[in-house]
Amino acid sequence: PNVGVVQVPDDRLEPLAKLVKTQVIIPAAVEVVDIAGLVAGASKGEGLGNKFLANIREVDAIVHVVRCFEDDDIIHSAGSVSPLRDIEIIETELILADIDSLERQKDKLVKKARSGDKIAVATVALIDRILPELNSGRPANVMEFEDDEKELLKSLQLLSFKPMLFACNVAESELADPDANAMVREVKEAAKHRRRAEACVISARLESELIDFSPEEAKAYLADLGVSDSGVNSLIRGTYHLLGLASYLTAGEKEVRAWTFVRGMKAPQCAGVIHTDFEKGFIKAEVVSYDDLMAAGSVAAAREAGKYRLEGKEYLVKDGDVILFRFAP
């Protein structure tokens with residue numbers, strides 16, 4: 001697979017950098033693994049199926065690029081364009097791979113369960129609950145699980161439980177009003193029926209054309225099409241959101257930087273994103289929201305306005321918080 005590190009678009013970084021007078025901006029980033037398309041029968045080794053399924057097992061979420069445009073010059077491997085069929089093919093292969101994996105895992109766990117291992121007993125029970133659903137063609141991401149089951153699920157590494165982002169690939173002429181495309185509407189509706197799924201719209205052809213453009217030329221070209229973005233930024237943001245991620249910011253004379261954290265993390269955990277020593281020696285976090293800081297115009301003004309505050313170990317960090325951590329070395 002091809003692996004690339006993609007910067008997460010964040011309109012807050014440049015204004016913040018101007019406010020604190022620094023030239024160095026470091027956005028958050030996600031790693032994208034480009035795996036060749038799966039074909040029907042991949043779970044049984046068709047194409048390079050088994051190898052690619054192993055690659056998928058290592059990722060946190062799956063982006064499924066779904067063709068949503070007609071073009072007689074570009075032949076679809078299945079002979080016709082049908083996004084729901086394409087989604088079903090991929091989903092079926094993930095389900096079949098999960099069935100095979102769970103059956104093999106169950107064989108090993110049953111022996112442990114007989115010896116009284118409580119985790120093995122609970123895991124076997126969970127597998128017995130999941131397998132009938134998979135065998136009926138339902139992916140794991142449409143099922144409901146209790147919190148204790150979600151912990152056990154991590155060890156099972158189910159492919160069909162991974163969050164899924166459907167990227168509707170449309171013609172560049174359709175970017176301005178993608179919902180006019182019936183196929184896009186179908187995919188968005190399909191995403192609604194899955195617990196951990198979302199949909200976004202991109203134009204891969206347009207994206208390939210923009211590669212050779214300067215930022216100014218790209219902006220002008222997009223404006224002519226009536227859009228501000230080819231869709232790739234919404235894809236990146238969609239992936240970020242799907243994984244439950246957000247960004248807090250640090251700002252100083254050396255740099256302005258976005259740090260990735262999982263929504264629901266407390267201040268010490270977020271400090272640990274920068275360095276484990278920050279979490280171990282956490283004392284307090286100096287916090288101001290991005291909006292409040294920009295409205296005040298400076299850190300000093302934000303302090304005077306009472307918007308700059310000290311937070312302790314129980315503080316739940318929010319997206320867009322500008323933070324300075326205090327810690328004991």
Side-chain angles (χ1 to χ4, degrees), residues 1 30-35 37-44 49-66 83-110 113 119-167 187-200 235 238-246 260 262-265:
V30 290
E31 189 175 82
V32 178
V33 183
D34 181 18
I35 299 166
L38 292 178
V39 296
S43 59
K44 303 299 180 187
N50 288 332
K51 181 171 176 55
F52 292 137
L53 287 166
N55 294 143
I56 293 173
R57 207 173 294 282
E58 296 170 8
V59 303
D60 297 310
I62 299 169
V63 176
H64 181 186
V65 182
V66 187
L84 295 187
R85 177 204 58 213
D86 293 347
I87 288 171
E88 189 176 324
I89 287 172
I90 297 297
E91 214 162 55
T92 298
E93 292 309 314
L94 300 183
I95 289 170
L96 290 172
D98 280 347
I99 292 170
D100 181 59
S101 173
L102 287 185
E103 287 175 345
R104 283 188 281 108
Q105 289 185 68
K106 182 180 174 180
D107 289 342
K108 294 177 183 176
L109 287 165
V110 165
I119 293 178
V121 170
T123 307
V124 169
L126 180 59
I127 290 173
D128 285 340
R129 188 162 89 79
I130 296 171
L131 275 174
E133 297 289 335
L134 296 178
N135 280 310
S136 69
R138 283 162 51 85
N141 67 7
V142 302
M143 296 176 64
E144 288 190 50
F145 296 99
E146 301 296 329
D147 288 342
D148 56 337
E149 290 179 320
K150 287 177 183 175
E151 282 301 309
L152 295 173
L153 273 171
K154 291 176 184 176
S155 66
L156 297 178
Q157 291 189 302
L158 295 179
L159 298 176
S160 69
F161 186 65
K162 291 184 182 292
M164 179 82 76
L165 179 66
F166 299 115
V187 175
K188 287 185 175 180
E189 188 61 31
K192 288 180 185 176
H193 296 288
R194 290 156 176 80
R195 293 188 179 280
R196 290 147 54 86
E198 294 181 16
C200 69
L235 186 152
T239 306
Y240 213 58
H241 181 262
L242 188 66
L243 290 169
L245 302 176
T260 301
V262 179
R263 291 178 187 273
M265 283 173 63

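Keep in mind that the numbers below use all heavy atoms, side chains included, and drop hydrogens, waters and symmetry copies.
Of the possible donor and acceptor atoms, one in the side chain of Ser160 sits under 3.5 Å from a partner among the backbone N and O of Ala140. Within the 3.5 Å criterion, the main-chain N or O of Ile119 finds a donor-acceptor partner in the side chain of Thr123. Lys188 contributes no side-chain N or O that, together with a main-chain N or O of Ala199, makes up a donor-acceptor pair within less than 3.5 Å. Although no hydrogens or angles enter the test, the distance criterion places no donor-acceptor pair under 3.5 Å between the side chain of Arg263 and the main chain of Ala246.
Inter-residue side-chain proximity for Met143 and Arg129 is flagged as met; some heavy-atom pair is nearer than 4.5 Å. Annotation: side chain of Ile87 is in contact with side chain of Arg194 (closest heavy-atom distance under 4.5 Å). Contact of the Leu126 side chain with the Leu156 side chain is registered, since non-hydrogen atoms from C-beta on lie closer than 4.5 Å. Under the 4.5 Å side-chain criterion, counting only non-hydrogen atoms from C-beta, Val30 is not in contact with Thr239. Residues Ile89 and Arg85 meet the side-chain proximity criterion, which asks for heavy atoms closer than 4.5 Å. With contacts defined as side-chain heavy-atom distances shorter than 4.5 Å, the pair Leu159/Ile62 does not qualify. By the 4.5 Å heavy-atom criterion applied to side chains, Lys106 and Val124 are counted as neighbours. Residues Val262 and Leu245 have side chains in contact (heavy-atom distance under 4.5 Å, counting atoms from C-beta outward).
By the ring pair (Phe, Tyr, Trp, His ring centres under 6.0 Å) test, Phe161 is found to be paired with Phe145, residues two or more places apart in sequence or in another chain being considered. For the salt bridge (charged side-chain N to carboxylate O under 4.0 Å, His left out) test, no residue two or more places apart in sequence or in another chain qualifies with Lys108. For Lys192, there are no side-chain hydrogen bond (donor to acceptor under 3.5 Å, both in side chains) partners at least two apart in sequence or on another chain.
Nearest heavy atoms, Glu198 versus His241: OE2-ND1, 2.7 Å. Scanning both residues, Asp60 and Pro163, for their nearest heavy atoms gives O-CD, 3.2 Å. Closest heavy-atom contact between Lys162 and Arg57: NZ-O, 3.3 Å.
The CD1 atom of Ile95 sits 14.0 Å away from the CG atom of Asp100 when rounded to the nearest 0.5 Å. A distance of 10.0 Å separates CG in Leu153 from CD1 in Ile127, rounded to the nearest 0.5 Å.
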